[in-house]
Enquirer: 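So that we are looking at the same thing, I have put the structure below in structure tokens.
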2 protein chains.
Amino acid sequence: MLTIGKLGEAAGVKVPTIRYYEQIGLLPEAERSSGNQRLYGRRAMEQLAFIRHARDLGFTLEAIRDLLSLSDRPDQSCAAADAIARAQLAEVESRLARLIALKAELERMVVQCAGGRIADCRVIEVLSDHSLCAHDHLSVPKSVDASLALPASTSSSN
Amino acid sequence: MLTIGKLGEAAGVKVPTIRYYEQIGLLPEAERSSGNQRLYGRRAMEQLAFIRHARDLGFTLEAIRDLLSLSDRPDQSCAAADAIARAQLAEVESRLARLIALKAELERMVVQCAGGRIADCRVIEVLSDHSLCAHDHLSVPKSVDASLALPASTSSSN
DNA sequence: CTTGAAGCTATAGTTGCTAGAGACATTAGG
DNA sequence: CCTAATGTCTCTAGCAACTATAGCTTCAAG
Ligand SMILES: [Zn+2]
Ligand SMILES: [Zn+2]
Ligand SMILES: [Zn+2]
Ligand SMILES: [Zn+2]
């Protein structure tokens, strides 16, 4: 039985994050010691590692919640799990496409600036006028909108 | 003089967002009509368009705040502005690198799943064990950490 | 037995907005 | 001129996924 600190260390997850996961019901309520401290066994370890890995791959907590509950039913079809993974892949691909456009536009502005006064700064100029941009880099269309953010990739370990 | 609705329409920014920008001091307090409604002139229009464009390129509001105040001092060196843009480029490049790794890993898991029962699902297997991953896709090193999220790219216009 | 680290709960802050309530302003139509 | 519809006002709360703080209790080492 591990304390929360040891568990966090083992799984590469910060202690408050573990408590947060429990609070939102992503992890089951932990057993408690006589002195009211959380205690974890192998099962909790595995679940937390699963969560951590899925977060690293960019899955939302909601998706992870679903994946966890699926993984509890080994005999069912994995179609739902695969669908979640494919959706995540699509998400990543769409972000990727957008970032590639952003990168091109940012490179253009940085390269074009000769580095004089603000009045002649290409960076400021381009930001003032999108028609100076080579291509689109537009805001994302509504359908793709929700949860675009890369899960605040909260620097690794404990 | 435009009302806030017209301004939002013109700049492709939602009305509450404009009020929010004023609230956090990114836009100056607007003039008011006799009936206490905000009125905007050409200057506000340009500033808002600048903000919108910079947001589209992924700059944080903090960075935009700095860029705006720089653009108010046309005679100064543009080194600071260029530095902000280069930092943003670096940000984008780092996210890009990470997303490329994620994409590869997600593709691998999706492709490898034969689609049977959960017990044999490659998606679940891989999530349970990072050593099944081909490469790193690790959480971002501490230094690059803050504000990794793509500015919740809150679908364009008004 | 004492001390310091680790744990506990509860609350608030982060980013960049978005949504709602309830009141006032403006404008178009009859 | 009155009314209804829309627009705007302020204020507050909510989203994701944590992180940080305060003020306590418990535990392990010496
Ligand atoms: Zn410049
Ligand atoms: Zn542009
Ligand atoms: Zn599968
Ligand atoms: Zn992995």
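Letters A, B, ... mirror the listed sequences (proteins, then strands); counts begin at 1.
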Enquirer: Nearest whole Å is fine: how far is dG16(C) P from Ile24(B) CD1?
Expert: 8 Å
Enquirer: To the nearest Å, give me how far apart CZ (Phe59(B)) and C1' (dT15(C)) are.
Expert: 17 Å
Enquirer: How long is the line joining CG of Leu7(B) and P of dG7(D), in whole Å?
Expert: 15 Å
Enquirer: What class does the angle between the rings of His53(A) and His137(B) fall in, given that below 30° is parallel, 30 to 60° is tilted and above 60° is perpendicular?
Expert: parallel
Enquirer: Counting only side-chain N and O atoms of Ser33(B), is one of them less than 4.0 Å from OP1 or OP2 of dT26(C)?
Expert: yes
Enquirer: Using atom types as modelled and distance alone, determine if a side-chain donor or acceptor of Arg73(A) lies under 3.5 Å from a backbone N or O of Ser69(A).
Expert: yes
Enquirer: Taking CE from Met1(B) and C1' from dA25(C), how many angstroms apart are they, rounded to a whole number?
Expert: 18 Å
Enquirer: Is the phosphate of dT10(D) approached by Arg19(B) (side-chain N or O, under 4.0 Å from OP1 or OP2)?
Expert: no
Enquirer: Expressed as a whole number of angstroms, how long is the span from Lys6(A):NZ to dA6(C):P?
Expert: 8 Å
Enquirer: Can you see if the side chain of Lys14(B) gets near the phosphate of dT18(C) - specifically, an N or O under 4.0 Å from OP1 or OP2?
Expert: yes
Enquirer: Indicate yes or no for a side-chain donor-acceptor contact from Glu125(A) to the backbone of Leu132(A) under 3.5 Å, with no hydrogens or angles considered.
Expert: no
Enquirer: At less than 4.0 Å, is any side-chain N or O atom of Arg32(B) found next to OP1 or OP2 of dT10(D)? Yes or no.
Expert: yes
Enquirer: Can you check the Glu62(B) CD to dC17(C) C1' distance for me, whole Å?
Expert: 15 Å
Enquirer: OP1, OP2 of dT26(C) versus side-chain N and O of Thr3(B): anything below 4.0 Å?
Expert: no
Enquirer: Between dT26(D) and Arg38(A), is there an OP1 or OP2 to side-chain N/O distance shorter than 4.0 Å?
Expert: no
Enquirer: Roughly how many Å is it from CG in Asn36(B) to C1' in dA23(C), rounded to a whole number?
Expert: 12 Å
Enquirer: I want to confirm an ordering. Mapping Gln37(A) and Tyr21(A) to their closest nucleotides on DNA chain D, which one lands closer to the 5' end?
Expert: Tyr21(A)
Enquirer: Tyr20(A) or Gly35(A): which one's nearest nucleotide on DNA chain D is closer to the 5' end?
Expert: Tyr20(A)
Enquirer: Would you indicate which nucleotide in dC9(D), dT26(C), dC17(C) comes nearest to any side-chain atom of Arg55(B)?
Expert: dC17(C)
Enquirer: Could you measure the distance from the NZ atom of Lys6(B) to the CE atom of Met45(B)? Nearest 0.5 Å is fine.
Expert: 12.5 Å
Enquirer: Is there side-chain contact between Ile51(A) and Val13(A), with heavy atoms separated by less than 4.5 Å?
Expert: no
Enquirer: Between dC17(C) atom P and Glu22(B) atom CD, what is the distance in whole Å?
Expert: 15 Å
